[in-house]
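Here is the structure we will look at.
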Amino acid sequence: MTRIIFKDKNGKQTEAVSKQEFDSKINVNEPLFATVQNFSKWSDIIDNPSQNKALISIRDNTNHGAISYTAPIIGGNSAAFLFGGNDTHAMVSAHWGQNIVRFCAGNADNILWKEDVAWKSDIQALQERVSALEKQIGGVLTRLYTKLCGTFTSLEVA
């Protein structure tokens with residue numbers, strides 16, 4: 001019988017259990033780490049996505065090391081973790097060098113949706129762009145109104 005022996009930092013044996021006992025404590029059916037080269041469905045990582053429980057740490061080598069803005073996970077050697085059980089799974093991936101985090105989830109072997117996190121800095125940048133466009137549009141409308149006033153003898157604004 002195979003036994004797994006745990007030791008403390010001084011090398012003293014603290015506990016010994018059988019492999020069967022140890023495996024019964026791990027509540028997943030899949031390995032705890034995977035390197036992913038291709039990913040478009042759960043079975044690219046999970047052996048039986050309709051039945052297995054998973055909690056997997058992932059190194060994402062998809063997209064040949066480049067960031068993907070359309071795939072379910074980021075690529076670019078990002079880190080991810082996949083979790084779920086039976087036929088429902090989800091994944092969170094984060095890029096190591098840029099503030100990109102993506103969630104994806106699905107059922108059976110299908111990834112049904114994906115979404116990137118919008119950061120506070122993204123929202124601020126968008127607000128600045130909208131404000132700049134509003135100023136441009138406001139300036140154009142003011143010049144147009146001035147020209148129209150000079151062209152017509154009577155002008156009503158509704």
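Count residues from 1 along the sequence.
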Closest approach of Ser78 to Ala94 (non-hydrogen atoms, all atoms of both residues): CB-O, 3.0 Å
Main-chain N/O of Ser43 paired with Asp109 side-chain donor or acceptor, under 3.5 Å: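 Confirmed, Asp109 side chain pairs with Ser43 backbone.
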Check: Gly106 main-chain N/O paired with Asn110 side-chain donor or acceptor under 3.5 Å: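 Such a contact is absent between Asn110 side chain and Gly106 backbone.
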Side chains of [X] and [Y] in contact at under 4.5 Å (non-hydrogen atoms):
X      : Y     : result
Asn61  : Asn77 : yes
Phe39  : Asp60 : no
Ile111 : Met91 : no
Asp44  : Val36 : no

For the atom pair [atom1] ([X]) and [atom2] ([Y]), what is the distance rounded to the nearest 0.5 Å?
X      : Y      : atom1 : atom2 : answer
Ile58  : Ile45  : CD1   : CD1   : 4.0 Å
Ser68  : Asn63  : OG    : CG    : 5.0 Å
Leu112 : His89  : CG    : NE2   : 12.5 Å
Thr62  : Asn38  : OG1   : CG    : 8.0 Å
Cys104 : Trp113 : SG    : CH2   : 7.5 Å

Enclosure of Phe83 CZ (heavy-atom neighbours >12, cutoff 6.0 Å): yes
Ile73 with Val117, same ILVMFWY side-chain cluster at under 4.5 Å: no
Shared hydrophobic cluster for Ile67 and Trp96 (ILVMFWY, side-chain gaps under 4.5 Å):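 No, no single cluster joins them.
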Listed once per pair and sorted, the salt bridge (charged side-chain N to carboxylate O under 4.0 Å, His left out) pairs that draw on residues 87-101, sequence neighbours left out: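 Of all non-adjacent pairs touching residues 87-101, none passes salt bridge (charged side-chain N to carboxylate O under 4.0 Å, His left out).
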Any pair counted as side chain to side chain donor-acceptor pair (under 3.5 Å), so long as it reaches residues 115-139, sequence neighbours left out: Arg102-Asp116
Evaluation steps, side chain to side chain contact (heavy atoms under 4.5 Å, CB included), between Ile74 and Gln98: CA-CA 11 Å; Ile74 296 169; Gln98 296 188 32; over 6 Å; no
